[in-house]
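Being a predicted model, the structure only gives us computed values, none of them experimental. Scope of the values below: all heavy atoms of this structure, side chains included, with no hydrogens, waters or symmetry mates. First the proteins, then the strands, lettered A, B, ... as listed; each starts at 1.
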There are 2 protein chains.
Amino acid sequence: MIEATPNTKERLLKAACRIFAEKGFRDATVAEICEMAEANIAAVNYHFGDKEKLYDEVWRHAFAIAASTYPVDGGVPEDTGIEESLYGYASAILHRIFSEGEAGLFPRLLNQEMAAPTLALDKIAKEALFPQRRQVEKTIKKMFGEACDEHVLWLCQHSIIGQCAFYNFSRPLRERVMGCGTMSEESIDIIARHIARFSLGGLKEIQK
Amino acid sequence: MIEATPNTKERLLKAACRIFAEKGFRDATVAEICEMAEANIAAVNYHFGDKEKLYDEVWRHAFAIAASTYPVDGGVPEDTGIEESLYGYASAILHRIFSEGEAGLFPRLLNQEMAAPTLALDKIAKEALFPQRRQVEKTIKKMFGEACDEHVLWLCQHSIIGQCAFYNFSRPLRERVMGCGTMSEESIDIIARHIARFSLGGLKEIQK
DNA sequence: AATCATTTCAAATAGGCGTTTGAAACATAG
DNA sequence: CTATGTTTCAAACGCCTATTTGAAATGATT
């Protein structure tokens, strides 16, 4: 499963990433992680101290990969139009969600953390989630101005983020019930463009 | 905790509802459930057979309560306007999500099931989730007509449902990080009205 | 080659889990 | 009261969990 790196610690981290993302902190077992990493049962405690510290490392890794592979600005410049900004954000988040590689770890871990929160949640929210929200905030303020109503901002933020996050939340429905687990690059782009357009229309209607 | 009904089976079911909704099937323990129900550790097996059959009963109960307390049509008549239909749907879903009573069990159980799917997911999707989607479908077709493009329908469905579902998904952020766990009746109504208006604008933009 | 630190390993530890058991308590009907 | 069926109970069962242990193996340094 995990490629045979000579480094046991790295193999453990990679295996832990995949298993924590799939099962969450509680349901993942260190025995399972060690087996996938082809390491001894005691390896986690030797290299990371305990299961919890390994989980922290996994989050750090998952966040770093997601942020560098698909930054939330979507690569679009600051001074672009509203629809294009929305597209940049949606595209980045959706690429993370539909990624089957390491960039997909972040949304999967987040899904687990939302269902069974751990002590890590606070740090995750402050370091990863709130900055993402601020990205959406900037786009909304392009429409409503810098001094726009705080509650309206909050509601629109949720509408935009919610559209993207739903594809993360509903993953088991696609994978287990509908049987359409994977998503092509074109499909991702179509969804991102839809969310950008739909949200632009929403913002316009709210502004009326 | 659980009111002292003379009926042990009912006390077990109520306790199980709350604990399964909070922790999911795997992390909930029968010991914990029996303790809350003030029943013996063997009571679950005696009255329900095993933990899994109890979980089935919990889902049945949670679905029945949610569907009867807050039906997805939101109580609005069939032949009403688009924005009002959207409001009806959003209002019903949000009321479920923010309910601290039995009507809130359904979205909480769903959240758990999405993070750690069980064999029950298939049944839940077919009996509860797909009918809910059809409700949104009807509203969208009021705008695009009966013969509207299937993919556009699917995308808009997700946009509307996603806005509502996000308040379920992000519950731990409100409760544990932001510290604003409860939501007043007025707040719920404001959110529902926002989602209806935002979605109407979105649909209009897509129709262009 | 010998010494030292680092890493791996199988086995053991202590605790939690769902479930089973057989006896005790209780309720009901003859 | 007796007999029968239902419900409750404490204890035990077998399995799985994270972690610890001390020895063995490996690597690096002198």
Side-chain angles (χ1 to χ4, degrees), chain A residues 1-60 109 112-113 115-121, chain B residues 1-60 109 112-113 115-121:
Chain A
M1 277 291 185
I2 298 296
E3 81 255 50
T5 319
N7 190 337
T8 302
K9 190 169 181 180
E10 271 180 38
R11 290 202 320 274
L12 281 170
L13 184 66
K14 297 240 162 143
C17 279
R18 288 170 48 169
I19 292 177
F20 279 135
E22 189 193 333
K23 307 194 171 186
F25 176 75
R26 188 94 205 289
D27 288 3
T29 71
V30 310
E32 197 178 11
I33 291 166
C34 291
E35 193 185 11
M36 181 180 275
E38 296 181 72
N40 184 269
I41 179 73
V44 162
N45 296 79
Y46 176 76
H47 286 284
F48 295 93
D50 59 18
K51 188 185 174 184
E52 210 161 333
K53 293 200 191 77
L54 172 58
Y55 187 65
D56 287 344
E57 283 301 317
V58 163
W59 260 110
R60 211 185 319 277
L109 286 167
Q112 294 297 334
E113 196 68 27
T118 71
L119 294 174
L121 180 59
Chain B
M1 278 291 185
I2 298 295
E3 81 256 49
T5 318
N7 190 337
T8 303
K9 190 169 180 179
E10 271 180 39
R11 291 204 318 276
L12 281 170
L13 185 66
K14 297 239 163 144
C17 279
R18 288 171 46 170
I19 292 176
F20 279 136
E22 189 193 333
K23 306 195 171 186
F25 176 75
R26 189 87 206 290
D27 288 2
T29 71
V30 309
E32 197 178 10
I33 290 166
C34 291
E35 192 184 11
M36 181 180 275
E38 296 182 71
N40 184 268
I41 179 73
V44 163
N45 297 79
Y46 176 75
H47 286 285
F48 295 92
D50 57 20
K51 187 185 176 187
E52 211 162 334
K53 293 200 191 77
L54 172 58
Y55 187 64
D56 287 343
E57 283 301 317
V58 163
W59 260 109
R60 212 186 319 278
L109 286 166
Q112 294 297 335
E113 196 68 29
T118 71
L119 294 174
L121 181 59

So the salt bridge (Lys or Arg N to Asp or Glu O under 4.0 Å) pairs with at least one residue in residues 20-31 of chain B (sequence neighbours excluded) are A/R26-B/D27, A/D27-B/R26, B/K23-B/E32

Listed partners of B/A31 passing side chain to side chain contact (heavy atoms under 4.5 Å, CB included), at least two apart: B/T29, B/I41

Please report the distance, rounded to the nearest Å, between CD in A/E35 and C1' in C/dT8. 17 Å

Write down the distance between CD (B/E38) and C1' (D/dC9), rounded to a whole number of angstrom. 15 Å

For B/A16, enumerate each residue passing the side chain to side chain contact (heavy atoms under 4.5 Å, CB included) test, keeping only those at least two apart in sequence or located in another chain. B/F20, B/I33, B/L54, B/V58

Could you tell me how far apart A/K9 (NZ) and C/dT8 (P) are, to the nearest whole angstrom? 11 Å

Can you list the residues that meet the side chain to side chain contact (heavy atoms under 4.5 Å, CB included) rule with A/E57, with sequence neighbours excluded? A/L13, A/F48, A/R60

Hey, could you give me each pair passing side-chain hydrogen bond (donor to acceptor under 3.5 Å, both in side chains) that has a residue in residues 44-53 of chain A? Not counting sequence neighbours. none

Could you state the atom-to-atom distance from CG of B/L12 to C1' of D/dC9 in whole Å? 14 Å

Phosphate-side-chain proximity, A/T8 and C/dT8, N/O vs OP1/OP2 below 4.0 Å: yes

Within this structure, what is the CZ-to-C1' distance between A/R11 and C/dT8, rounded to whole angstrom? 11 Å

Separation of D/dT8 P from B/F48 CZ (nearest whole Å): 11 Å

From NE2 of A/H47 over to P of D/dA18, roughly how many Å is that when rounded to an integer? 17 Å

Over how many whole Å does the gap from A/Y46 atom OH to D/dT19 atom P extend? 17 Å

How would nucleotides 12-23 of chain C be written as a contact map, 5' to 3', with B for base contact, S for sugar-phosphate-only contact and - for no contact, using protein heavy atoms under 4.0 Å? -----SSBBB--

Between atom NZ of A/K14 and atom CD1 of A/I19, what is the distance when rounded to the nearest 0.5 Å? 14.5 Å

